[in-house]
Amino acid sequence: MTGPQPRVRFAPSPTGYFHVGSARTSLFNWLFARQQGGTFILRIEDTDAERSRPEWVSGILSAMAWLGMEPDEGPFFQSARADRHREAIDALWNGGFLYACDCTREAVIERTRNNAVPGYDGFCRDRGLERGPGRALRFRVPDEGTTVVHDLVRGDVEFPNASMEDFVCAKSNGQPLFVFANVVDDRDSAITHVIRGEDLLPSTPKGILLWHALDSVADGGIRALPRFAHLPMLVNERRQKLSKRRDPVALELYRDAGYLAVAMRNYLALLGWSPPGDQEKVDVEVLISTFRLEDVHHAPAFFDVQKLRHLNGEYIRELSLDAFVEASLPWVAPDQGAPSIAAPQAAIAPRETTSSGPTPPPGAAAPTAWRPPTDPPWPRERFDPAAFRRIAPAVQERVTTLGEVPAMIDFLFLVDPIIDPVSWEKVVADPNARSVLSAAAERYAACEWVAAVLHDETRALGDQLGLKLNKAQAPIRVAITGRGVGPPLFESLEVLGRDVTLQRIRQALDRLSSSSGTL
RNA sequence: GGCCCCAUCGUCUAGAGGCCAAGGACACCACCCUCUCAAGGUGGAGACACGGGUUCGAAUCCCGUUGGGGCUGCCA
């Protein structure tokens with residue numbers, strides 16, 4: 001690609017938490033910028049003051065930091081540019097592109113009820129109203145002709161101008177509206193590529209009209225129209241645009257559940273695009289070097305958590321033991337130096353931290369200390385880092401999210417294990433359970449306390465009772481861990497220690513003896 | 001209703017006229033491995049929405065149909 005270095009922007013509106021769809025849009029912008037040696041700009045579109053809150057802005061910033069997408073410029077706040085927007089409005093008004101309109105929404109609806117063409121009917125177009133309070137400013141859309149969007153993803157998309165209504169550029173209170181502020185800001189920041197969701201495609205011809213109008217009044221000089229790239233929507237299982245109300249779309253949800261930033265980023269990149277070759281799990285360097293807007297798929301993509309989980313599991317298993325232990329800390333020991341929000345990602349992809357870019361400007365919230373919303377089930381003082389580290393390799397192979405770690409190791413740190421009723425019922429129903437537990441208590445009391453020996457002892461115990469190891473270990477597992485599934489039993493026993501093991505076997509035996517045999 | 005977009009296994013996708021009796025990944029099924037559960041290994045089932053063209057030849061190009069979706073706010 002030739003010409004000036006690309007300048008792209010991600011322009012979210014701070015209306016709540018960070019949406020996975022926004023994350024995907026941001027990622028594609030970021031990938032494109034990194035690849036082209038361009039500039040990635042963050043612009044907060046907060047022109048609607050009533051729908052903007054500071055904490056939502058910091059949510060955007062920290063989510064982007066988590067995914068390793070630091071902006072090169074910004075965040076810029078659209079609300080801070082009101083004067084500039086008014087200036088551009090004046091220029092357009094003076095150029096005759098705008099007209100004042102005092103129609104109420106109700107009046108328009110009333111008037112156009114039976115019209116073939118919906119939307120505003122141009123009622124005020126030739127009334128020659130002066131600007132003033134209570135009067136919105138509308139753009140005089142040409143009656144004839146076609147506006148074509150040259151889209152890098154979809155090719156040329158044509159919009160008959162006659163199908164566009166005279167849209168509002170400035171509210172009756174003087175506030176600029178989205179399309180208008182958006183275009184002015186893109187012009188002023190010399191954006192070369194507008195990469196955003198397909199839902200914005202229908203408003204693009206309006207933006208183009210505005211762009212050329214601003215050119216013709218030389219507002220800020222003549223500016224080259226950016227290239228556009230409209231990304232396919234992310235949809236739910238019903239193939240509808242992801243909705244905040246009913247779909248789990250908050251990126252924070254996934255972070256809280258223990259998805260790694262690298263996995264999330266890799267998965268997001270797979271939505272509407274795929275790296276060359278048969279490999280889908282790829283390093284960010286590959287993402288950056290092979291990403292092409294022209295290769296973006298046209299059809300909407302379903303956000304498939306199953307696949308995300310799988311990828312996450314792969315990334316977790318790939319971690320070094322140290323990295324896994326550290327990444328798990330927020331879930332197992334939230335007080336022990338809970339890392340900042342960016343830390344898990346930094347630990348996993350250290351190269352990420354070398355990405356250049358100015359430090360966030362004043363007003364940008366620094367990444368805050370972060371922890372998952374739920375604490376581990378054991379008393380914090382009973383957590384033993386050394387014990388966790390010993391069992392960690394077995395856990396690492398078995399979890400698919402970090403959020404699953406506590407449930408896998410809770411028996412080590414709880415005073416009494418949490419007994420799963422269904423698993424316990426199977427023990428009660430097992431006629432051999434009592435003799436297995438008794439024999440285990442006997443053998444475990446005397447043998448050397450290492451996994452291999454415990455393994456042999458248990459096998460021998462089974463032989464003695466005519467049971468395969470898989471049958472013999474079952475009651476012991478439930479007695480010790482409370483569950484029928486978990487990390488390898490003998491390693492678990494080794495870490496737990498002889499005393500606690502014997503105590504829990506005795507407790508299980510007691511419970512079996514109680515009249516009901518149930519919990 | 002109007003404008004616009006889209007259409008390959010259940011899902012994400014590869015596929016730019018012959019290399020495709022359509023490849024990969026997730027999910028699913030079976031087997032192997034195995035102290036449970038995972039992981040891993042091997043194998044299996046599974047798709048070009050439909051109808052017309054164009055062409056020697058179409059998943060790939062064109063038209064139509066059907067089906068989905070987006071937009072249609074003085075929200076962004």
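Labels below follow one simple rule: chain letters A, B, ... track the order of the sequence lines, proteins then strands, and each chain is numbered from 1.
Considering only side-chain N and O atoms, A:Lys241 lies under 4.0 angstrom from the phosphate OP1 or OP2 of B:rC71. Close to B:rC26, at under 4.0 Å from its OP1 or OP2, lies no side-chain N or O of A:Arg309. Note on A:Lys171: every side-chain N or O is 4.0 Å or more away from OP1 and OP2 of B:rG73. Neither OP1 nor OP2 of B:rA38 sits under 4.0 Å from any side-chain N or O of A:Thr400. The phosphate of B:rC74 has neither OP1 nor OP2 within less than 4.0 Å of any side-chain N or O from A:Arg135. An OP1 or OP2 oxygen of B:rG69 is reached within less than 4.0 angstrom by a side-chain nitrogen or oxygen of A:Gln240.
The pairing partner recorded for B:rA45 is none, the criterion being a Watson-Crick or G-U wobble arrangement whose two distances lie under 3.5 angstrom. As the counterpart of B:rG17, no nucleotide is assigned, since no Watson-Crick or G-U wobble pattern has both distances under 3.5 Å. Pairing for B:rA22 is absent, with no Watson-Crick or G-U wobble pair whose two atom distances lie under 3.5 Å. Pairing partner, B:rG67: B:rC6, with both Watson-Crick or wobble hydrogen-bond distances short of 3.5 Å. When Watson-Crick and G-U wobble pairs are counted only if both distances are under 3.5 Å, B:rG1 pairs with B:rU72. Both distances falling under 3.5 Å, in either a Watson-Crick or a G-U wobble arrangement, occur for no nucleotide opposite B:rU55.
Set against B:rC26, B:rC6, B:rC74, the side chain of A:Asp304 has B:rC26 as its closest nucleotide. Distance from the side chain of A:Phe159 is smallest for B:rC4 among the nucleotides B:rC74, B:rC35, B:rC4. For A:Glu165, counting side-chain heavy atoms from C-beta on, the closest listed nucleotide (B:rC35, B:rG24, B:rU72) is B:rU72. Listed nucleotides: B:rC74, B:rG24, B:rC4. Nearest to the side chain of A:Glu280: B:rG24. Distance from the side chain of A:Gln306 is smallest for B:rC26 among the nucleotides B:rC26, B:rC4, B:rC6. The listed nucleotides are B:rU11, B:rC6, B:rC35; the one nearest the side chain of A:Phe490 is B:rC35. In the set B:rA39, B:rA27, B:rC35, the nucleotide with an atom closest to the side chain of A:His455 is B:rC35. Here the side chain of A:His297 is nearest to one of B:rC35, B:rU8, B:rC71, namely B:rU8. Closest approach to the A:Pro160 side chain among B:rC3, B:rC12, B:rA14 is made by B:rC3 (side chain taken as heavy atoms from C-beta onward). For A:Phe178, the listed nucleotide lying nearest its side chain is B:rA76; candidates were B:rC26, B:rA76, B:rG73.
Ring geometry for A:Phe167 against A:Phe139 counts as parallel: the plane angle stays under 30°, on a 0 to 90° scale with 60° as the upper cut.
Side-chain polar atoms of A:Asn182 and A:Glu45 form a donor-acceptor pair below 3.5 angstrom. Side-chain N/O atoms of A:Asn29 and A:His193 include no donor and acceptor closer than 3.5 Å.
Within 4.0 Å (heavy atoms only), A:Glu158 reaches sugar-phosphate atoms of the nucleic acid but no base atom. Across all strands shown, A:Gly272 has heavy atoms under 4.0 Å from sugar-phosphate atoms exclusively, and none from any base. Nucleic acid contact class of A:Ala474 (heavy atoms, under 4.0 Å, all strands): none. Using a 4.0 Å heavy-atom criterion, one finds that A:Ile476 contacts no nucleic acid atom at all. Residue-level contact check: A:Glu45 touches the backbone only, with heavy atoms under 4.0 Å from sugar-phosphate atoms and none from bases.
As rounded to whole Å, 16 Å separates atom C1' of B:rG2 from atom CD1 of A:Ile109. If you measure from atom NZ of A:Lys206 to atom P of B:rG73, you get 7 Å, rounded to the nearest angstrom. A:Tyr17 places its OH atom 19 Å from the P atom of B:rA76, with the value rounded to the nearest Å. Atom P of nucleotide B:rC71 and atom OH of A:Tyr120 are separated by 24 Å, given to the nearest angstrom. Look at CD on A:Glu314: it is 13 Å from C1' on B:rG24, rounded to the nearest Å. Atom-to-atom, NZ of A:Lys281 to C1' of B:rG24 comes out at 16 Å; the value is rounded to the nearest Å. Atoms NE2 (A:His310) and P (B:rU11) sit 19 Å apart, rounded to a whole Å. The interatomic distance linking A:Phe180 (CZ) with B:rA76 (C1') rounds to 16 Å, in whole Å.
Taking atom C1' in both B:rA59 and B:rC20, one finds a spacing of 9 Å when rounded to whole Å. Here, B:rA14 and B:rG52 have their P atoms 28 Å apart, quoted to the whole Å. Here the separation of B:rA76 from B:rG67, taken at their C1' atoms, is 30 Å to the nearest Å.
Exactly one residue among A:Val332, A:Ile316, A:Asn312, A:Val395 makes a side chain to side chain contact (heavy atoms under 4.5 Å, CB included) with A:Leu402. That residue is A:Ile316. Each of A:Leu412, A:Ile505, A:Val500 was evaluated against A:Ile480; a single residue qualifies, A:Ile505, per the side chain to side chain contact (heavy atoms under 4.5 Å, CB included) test.
Judged by distance alone with a 3.5 Å cut-off, no donor-acceptor contact links the side chain of A:Ser163 to the base of B:rC3. Remark: the A:Arg477 side chain and the B:rC35 base include a donor-acceptor N/O pair separated by less than 3.5 Å. The base of B:rC37 sits within donor-acceptor range of the side chain of A:Arg398, with an N or O pair under 3.5 Å. With hydrogens and angles ignored, a donor-acceptor pair closer than 3.5 Å exists between the side chain of A:Glu491 and the base of B:rC35. Contact annotation: side chain of A:Arg239 to base of B:rU11, donor-acceptor pair absent below 3.5 Å. Side-chain to base pairing of A:Glu198 with B:rG70: no donor and acceptor N or O lie closer than 3.5 Å to each other.
Side chain of A:Arg498 to backbone of A:Cys447: a donor-acceptor contact under 3.5 angstrom is found. A donor-acceptor pair is defined here as one N or O able to donate and one able to accept, closer than 3.5 Å; no such pair exists between the side chain of A:Ser22 and the backbone of A:Phe18.
The six-membered or imidazole ring of A:Phe303 lies near that of A:Tyr254, with a centre-to-centre distance under 6.0 Å. Aromatic ring centroids of A:Phe32 and A:Phe291 lie 6.0 Å or more apart.
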